[in-house]
Asker: 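Questions regarding the structure given below will be posed in turn.
The chain is numbered in sequence order, starting from 1. Reckoned from all heavy atoms, side chains included, excluding hydrogens, waters and symmetry mates.
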Amino acid sequence: MPTFELTTPDGRVFEVNATDAATAHRALTQTIGSGTSPAPSAPATSSAPAGLGFDEATGARATQERFSGYNGIQTETGPDAALGYGLTRKADEMLVGPDSITNRASATLLNAAEMVGMGLPRNIGAGIATALGNGRTFRQNFDLAGDHLSALGRQSPGARDLGVAAGVVGSLGLPVANVLGGATLAQRAGNTAATVGGYSGIASLAESGLDRVAEPDTIAKAIKHAGFGVIAGGLTHGAIEVAAPRVSRAARDWLAPDAAPASAPAAAVPDVFPKGVSPAVAREAEAGQFGINLTKGQATGDYAQQASENMMARGGGDTPPGQAMRSFFQEQERQVGAAKGDIGRQIAGGADLVERPFDAGARVGEFARNSQRLAETVAGGEEAAAARASQALAPADPINAATDVAAGVRGRAAADRAQFKGSYDEAAREPGAFEPGSFDRIGPSIEARIANSDRPIPIDPALTPAASRAMADLGRAPPAGTSMAEVDQARKRLVALRGSTGQNATDRAAMDQVIRHYDDHVEDALASKLFSGSDRALDLYRTARSQFAGYQRTYRPQGAGDDVGRAMQQIVDRNAQPQEVASLLYGTSLTGNTGRAMRLADRLKEVLPAELWEQTQRGYLGRIVGDGLDHGKISDNIQKALSGEGRGLTYKLLGDAQVAGLRSIQSGLRSAAAAREAVPDWVKTLGKDDFEPKAVIENLFGKSTLTGNTASIQFAKGVRDVVGAESDTWAAVRQAGWQHLVAKPEGATADFGPQAIANRISNFLEKDGRGLATVMFSAEERATMKAFGNTMRTLTPARIAGGSASPNSDTAPMLARSLEALRKHEGKLNMLLSAVGLVSGGPAGAAAAYGVAKGAGAVASRIADRQALARAAEAAAGAPAAAAPVRPRPTPPKLPPIAGPLGPLLGLVGAN
């Protein structure tokens, strides 16, 4: 928003933030007029024109409402009133020049032309200026003409009124409708109504500007004014003919007050405002419980009375009536503020816990922050304990552990292989020889042994080529000699053929079968004493064969279903990669552990040394806890490992201490999660906004609503349940809730008087905020709020046609503007009366009616001066118990006979 620098005539400089120059000037003028001057500051950059920093026409228009009487009666007082009037004078001079004979003549002529032409001259002039191309639009020219006319009138009120009077005289030549004839009062009143209604409609269209005559709002306004003109014309005509004698007597009474005693005895009058059951007394009683006094207009709800009270308060200047009413309303405003504070303290248990809703938001935010900190502290402690338990278990990376285990298995296999080979070599070195013919039929012997075995593997040249070749070799060339070395050499050839089987598992199994039965044949020969020589040969051969059989059982599959043997063979013979080994050891996942992994664990525990077995365990622990970052996943893994699908492998691999360590980790992580989950959702929600007080208030009462929503209810319940329904924090929240209802929101520019407060309380208690109100306040407190809302409704200005009648509201200046508009259009109202006179008595009647109107204004002024103070006292007293006494009126003298066409009408005025 731009900043405007305004310099007053006395040299003071002000900075004003506003949307445009006119608004800035209006704000400065109103601020100075209210008696509070902003502190001067350094010059600021402004986008306004040179000079005072505002457009002359806009500035003059902005100040006319309060300081229009600088050349007449000045209604504003105070230390800065002279400055306000000076600003208005300066703005007018910038617009039309200083007061001069020329300006006065212009004020007279222009007002006369505007009156006679019913606003059309201003439109015609704007149209001509636009057609000549002066650089402005019709609307700009039209508004500028109005600004000039207003400025001239303010400079020379007398010249303006003279022009209005001349215009009234000139209007005598306007045509008069005679559509109904004039035989009866109704016909004459109808003619007057038609004439005044037509002229009112035309004047309304001209006042809006001819460029807007086709707009719906302009047409509606013209129709409304025409209707008012019809009603006013007809009623005024009837009033003149019927009530003229009474008007004459009242005027003469007040013009000649000495004709009767000034203090006549009061007559008995009926009790028009009976106490006890009247709505006015009920309103006073309801407001009284909060210590708030009402005016008569507020208590009765009477628009006219409220308008009168407002007029005295705003237009009375330094007169006693004006001072009395202003003092009353100022005290009433103080009473309203005190009542708000009292209700807030009552809600908070008699204490002022917070000064504004923001303070309660800060308390709740700090409470929520501490709650989350406590939860994090507890959770952090549990997680630390879980981390210590995990460190004690020393989990290893599963891949690294698998690498170490595979190396250990291969090393053990190599040692076992070297052992049985050494035993065979030692047996082969034993001296001696087998009996001749011991191996002549070794081929048929092996074939017979295979055929008689439990699960023989057929020897087939296509399916088992190595085994088939081995049998053919044994048949063609049995061991050449009879020594143990020759027998061992033949066995080595068989082992070599086995190594040539490659990926043919059937051929390999067949070769294992051939070798086994070859060893059986040799052992049977030794046992049958067919070997002559060392007695150790048989023992050594049996030892070597036992060692070889153990190696085969440990590192070779023992049939098609031996998955553990295949796994060991994959590790030893096929150099399985670490990832493959890890899958063999621990399964592909905790939920996919199979019997092979558990059987392999048994095999490894037999094969591996203690340190490598521990490495196997640590790798499995690493598979469970992972990298330790995802606590939820770790807890789930432990659950699966201890009680789920992985429990078989867990209890096969791990010891009791390790299982207990996993349980400790799981317990700590679960406790940490529970501590965090125990934090209420509303605390977590605030945490996203860093526990800002503003976020607390918005969550309590809603961001887009002023009285809460469904989410607000849950938020309020959450706060109450955590801080405690009897705590000071909850009391502060409730006090803040009341303050939020009755305090004007920061930065709000809309009206926030009694009506706005009443509407918000009603919406909170009975509409959108009903659920939140039930959560936050007791039934008794809600009843108190409702009563206060009713009182605010009583203070709400009565409204007629959109106009407000009370000064105790942000909308109160509306009435002041209405009164100013009445003064501004005083000439047009006089013209209306002259039209009535024109219909009744021709040109003379119009002139007489205009004079009567001006005279009536003078009489009304005198009446107001004499009764204003009494009315102020009566208004401040609230609802009266009886009507004011009527003072006896003297009989007015007869007026002299009047000749001419107005004789009959004015004769009625002078009648008794």
Asker: Who pairs with Ala129 by side-chain contact (heavy atoms from CB on, under 4.5 Å), at least two apart in sequence or on another chain?
Answerer: Asn134, Asn141

Asker: What is the distance from atom OG1 of Thr295 to atom CE of Met312, rounded to the nearest 0.5 Å?
Answerer: 9.0 Å

Asker: CZ/Phe228 to CD1/Ile223 distance, rounded to the nearest 0.5 angstrom?
Answerer: 12.5 Å

Asker: Test your reading of the model: is there a side-chain donor-acceptor pair from Gln298 to the backbone of Leu795, 3.5 Å cut-off?
Answerer: no

Asker: Does any non-hydrogen side-chain atom of Val213 lie less than 4.5 Å from one of Ile219?
Answerer: no

Asker: Under a 3.5 Å distance rule, please check whether Gln306 uses its side chain to pair with a backbone N or O of Tyr303 as donor and acceptor.
Answerer: no

Asker: Evaluate the side chain to side chain contact (heavy atoms under 4.5 Å, CB included) criterion for residues Arg136 and Leu144: first the C-alpha distance (whole Å), next the side-chain angles of each, then the deciding distance (0.1 Å), finally the verdict.
Answerer: CA-CA 10 Å; Arg136 296 187 180 92; Leu144 184 60; 3.7 Å; yes

Asker: Would you mind reporting whether Asp211 and Phe142 have side-chain heavy atoms less than 4.5 Å apart?
Answerer: no

Asker: How far does OG of Ser100 sit from CD of Gln155, to the nearest 0.5 angstrom?
Answerer: 7.5 Å

Asker: Is the backbone of Lys296 close enough, under 3.5 Å, to the side chain of Thr300 for a donor and an acceptor to pair up by distance?
Answerer: yes

Asker: Please round to the nearest 0.5 Å and tell me the distance separating atom CG of Leu109 and atom CZ of Arg104.
Answerer: 14.5 Å

Asker: Just by modelled atom types, is the Leu210 backbone N or O under 3.5 Å from a matching donor or acceptor in the Asn123 side chain?
Answerer: yes

Asker: CE/Met94 to CZ/Arg89 distance, rounded to the nearest 0.5 angstrom?
Answerer: 15.0 Å

Asker: For a quick test of reading the model, state the closest non-hydrogen atom pair linking Asn103 to Pro98 and the distance between them.
Answerer: ND2-O, 2.8 Å

Asker: Examine distances only and state if a side-chain atom of Thr236 and a backbone atom of Ala232 form a donor-acceptor pair shorter than 3.5 Å.
Answerer: yes

Asker: Is there a donor-acceptor contact under 3.5 Å from the side chain of Asp92 to the main chain of Leu152?
Answerer: no

Asker: Leu95 versus His148: any side-chain heavy-atom pair under 4.5 Å?
Answerer: yes

Asker: Just do the side chain to side chain contact (heavy atoms under 4.5 Å, CB included) check on Thr130 and Thr137 with the steps written out, would you?
Answerer: CA-CA 6 Å; Thr130 304; Thr137 64; 5.8 Å; no

Asker: In the structure I gave you, are the side-chain heavy atoms of Arg160 and Thr108 within less than 4.5 Å of one another anywhere?
Answerer: no

Asker: Using every non-hydrogen atom in the two residues, find where Arg122 and Ala145 come nearest and quote the distance to one decimal.
Answerer: CG-CB, 3.9 Å

Asker: Would you call Lys221 and Asp217 a salt bridge, taking side-chain N to carboxylate O under 4.0 Å as the test?
Answerer: no

Asker: Do Asp99 and Ser156 get their side chains close enough for a donor-acceptor pair, meaning under 3.5 Å?
Answerer: yes

Asker: Determine whether Arg139 and Arg212 make a side-chain contact, defined as any pair of heavy atoms from C-beta on separated by less than 4.5 Å.
Answerer: yes

Asker: Got a donor-acceptor contact below 3.5 angstrom from the Ser204 side chain to the Ser200 backbone?
Answerer: no

Asker: Supply the atom-to-atom distance Glu309 CD to Asp302 CG, rounded to the nearest 0.5 angstrom.
Answerer: 8.5 Å

Asker: Any donor-acceptor pair under 3.5 Å linking the side chain of Ser208 with the backbone of Thr218?
Answerer: no

